[in-house]
Chemist: 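This structure is in structure tokens; I'll ask about it shortly.
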Amino acid sequence: MKKKILGLLACTALAASIAVGVSAEDDVITVGFAQVGHESDWRTASTKSAQDVFSADNGYDLQFVDCDNDSAVQLEAVRNFIEQDVDYIIIDPIVATGWDTVLTECEEAGIPVIVIDRTIDDSDKYVAWVGSDFLKEGIACGEWLKAYAEAKGIEEINALVIEGTNGSSAQIGRTDGFKQVADENGWTILDSQDGDFTQAGGQEVMESFIKSYEGQFNVVIAQNDNEAYGAQDAMKAAGISYGPEGDVVLVSFDGNKPAMEALQAGELTAVFECNPLAAPAVEEVIKQLEAGETPEKTQYITEGWYANEDVVTSITIDGNEEPVTQMTDEVLAGRAY
Ligand code: AHR
């Protein structure tokens, strides 16, 4: 194991003497990764990305913990990494709060923490965060829906939202972003419930929505692909049609390949991408720290917006025009996950 970088202030001088990318056994870099769980296709892609990048062949010893969506398990995993004296800790925080104490412990132990994907709201004791702009994803969804409704002559929006794990920054950002556009346009959000980012959760929430609101809704916002698959199953069973040819506009977030295939097939109306491939950027952060450099603290991953049809080709977010890409064979072939 490499000599631990002793606190962020001390890291510059110490790390400058350490070479990067070497493979001798005592130069192996130990990385502890407290992953959220295995609730979705997105999560599987995120885990694989970390395992590919932080492999033994690349000079790493990856200590991976699947926290199964349990915040107590995640805090314990981080404390175990401190006990093991790992070189770096990666955290994908299940929820946004409750972090300051354990991050203080990491800081006192001199272990740099890199946060990925979801954000931490109650502490800044980490060296860098790499992830998605969830608020922007929610706004993009709303702006696309506004333009789509105008193009299709849909006069009223009565939406149901299947939220992700409550308290996660992904759920908070997507919910707030969509609501912001809904409020600006006087849309009705009939209901918004936690589907826990799982297919079973999405199905269960959609079944209960159908019981309460059948015949009253024309838009379903699923906050990830897997929840959208669950919603499809529930609507199919109830004889409700969805997608560009159906009665209900169905959108999801993430955009893993199976969802993009479903989008092209007309099983989804639009998809707002969330990129799970943070690990290469995390490795860059580690290389910078090893070289005694200061990484950028906030690093957004690029992501795009996709639709089945080409009726909306761009949307404007914060004054910037951004493309909406129609899903075609060619676009699908270029998808990395
Ligand atoms: O934090 C990212 C979210 O978590 C993804 O949208 C979802 O699929 C995952 O479980």
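Counting starts at 1 for both ligands and their atoms, following the listed order.
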Chemist: Under a 3.5 Å threshold, yes or no: a donor from one side chain and an acceptor from the other, between E322 and N320?
Modeler: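 No, no side-chain donor-acceptor contact under 3.5 Å.
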Chemist: With a cut-off of 4.0 Å, which atoms of ligand 1 are near a heavy atom of S40?
Modeler: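 Close to S40: 7 (C), 8 (O), 9 (C), 10 (O).
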Chemist: Would you say the side chains of T165 and Q171 form a donor-acceptor pair under 3.5 Å?
Modeler: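 Short answer, no.
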Chemist: Report yes if D254 has an N/O atom closer than 3.5 Å to an N/O atom of ligand 1; otherwise report no.
Modeler: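 Yes.
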Chemist: Under a 3.5 Å cutoff, is there a donor and acceptor pairing between the side chains of Q223 and T175?
Modeler: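 Side chains of Q223 and T175: pair found under 3.5 Å.
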Chemist: Only heavy atoms of D117, strictly under 4.0 Å: list the atoms of ligand 1 that pass.
Modeler: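 Numbered from 1, ligand 1 contributes 1 (O), 2 (C).
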Chemist: Among E39, Q223, R43, whose heavy atom sits nearest atom 10 (O) of ligand 1?
Modeler: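 Among E39, Q223, R43, the closest heavy atom to atom 10 (O) of ligand 1 belongs to E39.
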Chemist: Closer than 4.0 Å to some heavy atom of A170 - which atoms of ligand 1 meet that?
Modeler: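 So the answer, numbered in order with elements, is 1 (O).
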Chemist: Compute whether any side-chain donor of one residue and acceptor of the other, for Y213 and D191, lie under 3.5 angstrom apart.
Modeler: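 Their side chains do contain a donor-acceptor pair, which is all the 3.5 Å distance test asks for.
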Chemist: Is it the case that over 12 heavy atoms from other parts of the model lie below 6.0 angstrom from the CD atom of E76?
Modeler: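 No, the 6.0 Å shell around CD holds no more than 12 heavy atoms from other groups.
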Chemist: Any atom of ligand 1 sitting under 4.0 Å from a heavy atom of R174?
Modeler: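 Contact present.
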